[in-house]
Amino acid sequence: MPAVEYCLVAVDCPDPVALSGFYQRLLGGEVEKYDDDWYDLYAPGGHRIAFQRAPGHRPPQWPRADDNSQQLHLDFHVRDMGAAETQALTLGAVPLDLDDQDGRRGFRVYADPAGHPFCLCQK
């Protein structure tokens, strides 16, 4: 049995209230405040994403791999790419790479309101 158990992904951002709200509206679930600098999203399926205030946060520049690499990104399965994309953009996502090669590539890349890359992946 492993000595370590996964519990969450923590995302640095300038405004944890706003970013946890973005992902709550995108994924569903419930946001819980730990303190002014830390909010947890308990998403459907038992997944947890934490949002931590980082006053000097600088968003990564996708897809660079040098000193300002993407650091991390989140992948989300979607059944209807068009509907998921519309929802993400309406909530404030920014398109980074929408060329999914007419569905052959199977994913599109966006930035959340704090600049973190995430992918919508065709399920």
Side-chain angles (χ1 to χ4, degrees):
M1 173 175 239
V4 176
E5 180 181 343
Y6 169 83
C7 68
L8 64 84
V9 170
V11 179
D12 286 356
C13 59
D15 185 347
V17 175
L19 198 58
S20 63
F22 169 83
Y23 281 105
Q24 180 187 35
R25 290 185 301 280
L26 186 66
L27 301 171
E30 297 297 323
V31 172
E32 291 185 16
K33 177 182 177 179
Y34 177 76
D35 63 28
D36 289 340
D37 296 325
W38 186 281
Y39 285 72
D40 291 305
L41 171 61
Y42 292 87
H47 304 286
R48 182 172 153 209
I49 305 172
F51 302 90
Q52 173 179 274
R53 185 179 315 279
H57 177 267
R58 289 182 330 148
Q61 294 179 0
W62 186 90
R64 290 174 53 181
D66 57 12
D67 63 345
N68 192 20
S69 70
Q70 66 176 321
Q71 301 161 13
L72 71 89
H73 73 271
L74 302 170
D75 285 354
F76 303 109
H77 281 137
V78 300
R79 295 195 188 281
D80 182 334
M81 183 66 77
E85 177 176 280
T86 297
Q87 179 186 18
L89 295 174
T90 298
L91 293 172
V94 175
L96 296 177
D97 181 359
L98 301 183
D99 183 13
D100 66 355
Q101 301 168 1
D102 295 321
R104 289 187 308 278
R105 188 173 76 170
F107 67 92
R108 297 177 185 171
V109 185
Y110 308 82
D112 67 24
H116 302 101
F118 69 93
C119 297
L120 298 180
C121 304
Q122 188 70 49
K123 186 167 183 176

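By convention here, the first residue in the shown sequence is residue 1. Small disclaimer: the values here were computed from a predicted structure and weren't measured. Atom set for the values below is all heavy atoms of this structure, side chains included, hydrogens, waters and symmetry mates excluded.
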**Q.** salt bridge (Lys or Arg N to Asp or Glu O under 4.0 Å) partners of residues 16-32, not counting sequence neighbours, each pair once
**A.** none
Taking a hydrophobic cluster as the set of Ile, Leu, Val, Met, Phe, Trp and Tyr residues connected by side-chain heavy atoms closer than 4.5 Å, whether directly or through intermediates, do [X] and [Y] fall within one such cluster?
| X | Y | value |
| --- | --- | --- |
| V17 | V31 | yes |
| V94 | V109 | no |
| V9 | Y42 | no |

Identify the two heavy atoms, one from [X] and one from [Y], that lie closest to each other, and give their separation to 0.1 Å.
| X | Y | result |
| --- | --- | --- |
| P16 | F51 | CB-O, 3.4 Å |
| H73 | C119 | CD2-SG, 3.9 Å |
| P113 | G92 | CG-O, 4.0 Å |
| F22 | A93 | CE1-N, 3.8 Å |
| G115 | P60 | O-CD, 3.7 Å |

Q) Which ILVMFWY residues can you reach from L8 by hopping between side chains whose heavy atoms are under 4.5 Å apart? A) Y34, W38
Q. Taking only residues two or more places apart in sequence or in another chain, which ones pass side-chain contact (heavy atoms from CB on, under 4.5 Å) with D36?
A.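 D36: side-chain contact (heavy atoms from CB on, under 4.5 Å) contacts with K33.
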Q.
Strictly by side-chain hydrogen bond (donor to acceptor under 3.5 Å, both in side chains), give each pair with a member in residues 77-94 just once, sequence neighbours left out.
A. E85-R108, E85-Y110
Gap separating the [atom1] atom of [X] from the [atom2] atom of [Y], nearest 0.5 angstrom:
| X | Y | atom1 | atom2 | answer |
| --- | --- | --- | --- | --- |
| Q24 | I49 | CD | CD1 | 11.5 Å |
| Q61 | L96 | CD | CG | 11.0 Å |
| D100 | D102 | CG | CG | 7.0 Å |
| D99 | R105 | CG | CZ | 6.0 Å |

Q. Does D15 have any side chain to side chain donor-acceptor pair (under 3.5 Å) partners at least two apart in sequence or in another chain, and if so, which?
A. none
Q. Would a 4.5 Å heavy-atom cut-off, applied to side chains only, mark L19 and H116 as touching?
A.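 Yes, close enough: below the 4.5 Å cut-off.
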Q.
Could you check whether any side-chain heavy atom of L26 comes within less than 4.5 Å of a side-chain heavy atom of F118, counting everything from C-beta outward?
A.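 Contact flag for L26/F118 side chains = yes.
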Q | Sequence-distant partners of D12, salt bridge (charged side-chain N to carboxylate O under 4.0 Å, His left out), two or more places apart | A |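 Scan of D12 (salt bridge (charged side-chain N to carboxylate O under 4.0 Å, His left out), adjacent residues dropped) gives none.
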Q: For side chain to side chain contact (heavy atoms under 4.5 Å, CB included), just list the numbers for L27 and H47, CA-CA rounded to whole Å, side-chain angles, deciding distance to a tenth of an Å, and then say yes or no.
A: CA-CA 10 Å; L27 301 171; H47 304 286; over 6 Å; no
Q. Would F107 and D75 count as a side chain to side chain contact (heavy atoms under 4.5 Å, CB included) if you check the C-alpha gap in whole Å, the side-chain angles of each, and the deciding distance to 0.1 Å?
A. CA-CA 9 Å; F107 67 92; D75 285 354; over 6 Å; no
**Q.** R53 (side chain) donor-acceptor with P14 (main chain) under 3.5 angstrom
**A.** yes
Q.
Please determine whether side chain to side chain contact (heavy atoms under 4.5 Å, CB included) holds for the pair Y23 and L74, giving the CA-CA distance in whole Å, both sets of side-chain angles, and the decisive distance to 0.1 Å.
A. CA-CA 11 Å; Y23 281 105; L74 302 170; 4.0 Å; yes
